[in-house]
2 protein chains.
Amino acid sequence: MKLIEAKQQFISSWGAFGTHWGINRTMAQIHALLLITADPLTQDDIMEQLNISRGNTNMNIRELINWGLVERVLLTGERKEYFSAEKDIWKVVKQIVKERKKRELEPMLKLLDQLEGVEGDKRDKNVKAFVDTVSGIKKLGKQADKTLDAMIRAEESWFVGNLVKIFK
Amino acid sequence: MKLIEAKQQFISSWGAFGTHWGINRTMAQIHALLLITADPLTQDDIMEQLNISRGNTNMNIRELINWGLVERVLLTGERKEYFSAEKDIWKVVKQIVKERKKRELEPMLKLLDQLEGVEGDKRDKNVKAFVDTVSGIKKLGKQADKTLDAMIRAEESWFVGNLVKIFK
DNA sequence: ACATATTTTCAATAAATTTTGAAAGTTCGG
DNA sequence: CCGAACTTTCAAAATTTATTGAAAATATGT
């Protein structure tokens, strides 16, 4: 397979992959393009290579910056802004975990705390089923929260090295 | 908060949550409803409680069954089918992990294997950037695959108990 | 301050996804 | 085999989400 095809394939698959994770196709594709490109790219480079409009490109680059996955790069003597993605995949994964934890897991845990305090007699089968489910999710969610915190702090070697043994 | 409100809140939040994970709102809501309901429900019960059409309900129940999260229950002397969700959240999580691993992670690893073998001179900066990114993702992906396999085999006590210590 | 290059916004449009509901299909007791 | 109860399918409609592109805003060099 030629480089150009391989790149196309990667970008398109990364985009499809993204849609299964609540990320829009374009954002995932821009990320993919920046991941596999050695040098920083301008907005126009991205527009051209992915065949997308200026507005769309701009919005999605900004979103990637919000996620902490892409940064602006200022090249000396250039007026245009360049963009570059973090290439260390372990850092990328940790960053995504960190953001999703903050945006999704933490608010969910907050809600579960509230819902657990529902009024009513726990001898009522319906109240019991509700409270049991909510408590169960909360318990596991809290544990996941801690585990992810540890992961965010960890070095890649820890994940690739030590964890293996633990899991046998 | 009254049980009825709390249920509504839970169902609606679970649905919103689902959309961030590539799961459609209705499917997540049906799952939520079945999770917090003590007894199995019929298709009509679900339609009524969530205010959705027969077709929509039917399609999404079947999808939940495909995911292994809901099962048909036959009550003796009843013509109608009843549906019930797995209530053990640890089992639910493992089942979801198992399915997503099979549907997403494994195909992605297969693709990366192919892309890693791209033609071209690795001294070429562009070829190098591509191969390095692909290899990096593959390495981490393979590790994640192993880790998730271990998790799928594990008991909840392992996750809640032992892991804590490891993570300090 | 001006002219020009560059970036950002956002209303309109397009595309993708979800939902509906009626019709077709299936199952089951008698 | 019939008819009623129940389930499934799927084309059309509704809704949601993504994309465009031109206009407005901002930044830069002289």
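Order of the sequence lines fixes the chain letters, A, B, ..., with proteins taken first and strands second; residue numbering starts at 1 for each chain. These numbers were taken from a predicted model, which means no experiment stands behind them.
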Is the phosphate of C:dT9 approached by A:Arg62 (side-chain N or O, under 4.0 Å from OP1 or OP2)?
yes
Without decimals, in angstroms, what is the distance between B:Leu75 CG and D:dC6 C1'?
15 Å
Starting from C1' on D:dA14, measure out to CZ on B:Arg25 and report it in whole angstrom.
14 Å
In terms of side-chain heavy atoms of B:Arg79, which of C:dT6, D:dC6, D:dT20 is nearest?
D:dC6
Report yes if at least one side-chain N or O of B:Asn24 is closer than 4.0 Å to OP1 or OP2 of C:dT19; otherwise report no.
yes
Assign each of A:Thr19 and A:Phe83 the nucleotide of DNA chain C bearing its closest heavy atom; nearer the 5' end lies the nucleotide of A:Phe83
Separation of D:dT7 atom C1' from B:Glu78 atom CD, nearest Å, is 16 Å
Grouping I, L, V, M, F, W and Y whenever their side-chain heavy atoms are under 4.5 Å apart, do A:Ile30 and A:Met59 come out in a common cluster?
no
Just how far, in rounded Å, is P of C:dT6 from CD1 of A:Ile46?
15 Å
On DNA chain D, compare the nucleotides closest to B:Arg72 and A:Asn51; which residue's is nearer the 5' end?
B:Arg72
Please report, rounded to the nearest Å, how far the P atom of C:dT27 is from the CD atom of B:Glu81.
10 Å
When the distance from CG of A:Asn60 to P of C:dT9 is rounded to whole Å, what number comes out?
13 Å
Just to be sure I understand the rule, does A:Gln43 reach a base, reach only the sugar-phosphate, or reach nothing, if contact means heavy atoms closer than 4.0 Å?
base
What's the CG-P distance between B:Asp45 and D:dC6, to the nearest Å?
12 Å
For atom CD1 of B:Ile4, is the number of surrounding heavy atoms from other residues, nucleotides or ligands below 6.0 Å larger than 12?
no
Side-chain contact check for A:Lys80: nearest option of C:dT20, D:dC6, C:dT6 is C:dT6
Any donor and acceptor pair, going by atom type alone, linking the side chain of B:Lys101 with main-chain N or O of B:Ala144 inside 3.5 Å?
no
Counting only side-chain N and O atoms of A:Asn58, is one of them less than 4.0 Å from OP1 or OP2 of C:dT8?
yes
Within this structure, what is the CG-OG1 distance for the pair A:Leu34 and B:Thr133, rounded to the nearest 0.5 Å?
10.5 Å
Tell me which one of B:Asn58, B:Thr57, B:Asn56 satisfies side-chain hydrogen bond (donor to acceptor under 3.5 Å, both in side chains) with B:Asn60.
B:Asn56
Nearest heavy atom decides the nucleotide; on that basis, is A:Asn56 or B:Asp44 closer to the 5' end of DNA chain D?
B:Asp44
Calculate the interatomic distance between B:Arg54 atom CZ and D:dT7 atom C1'; express it in whole Å.
8 Å
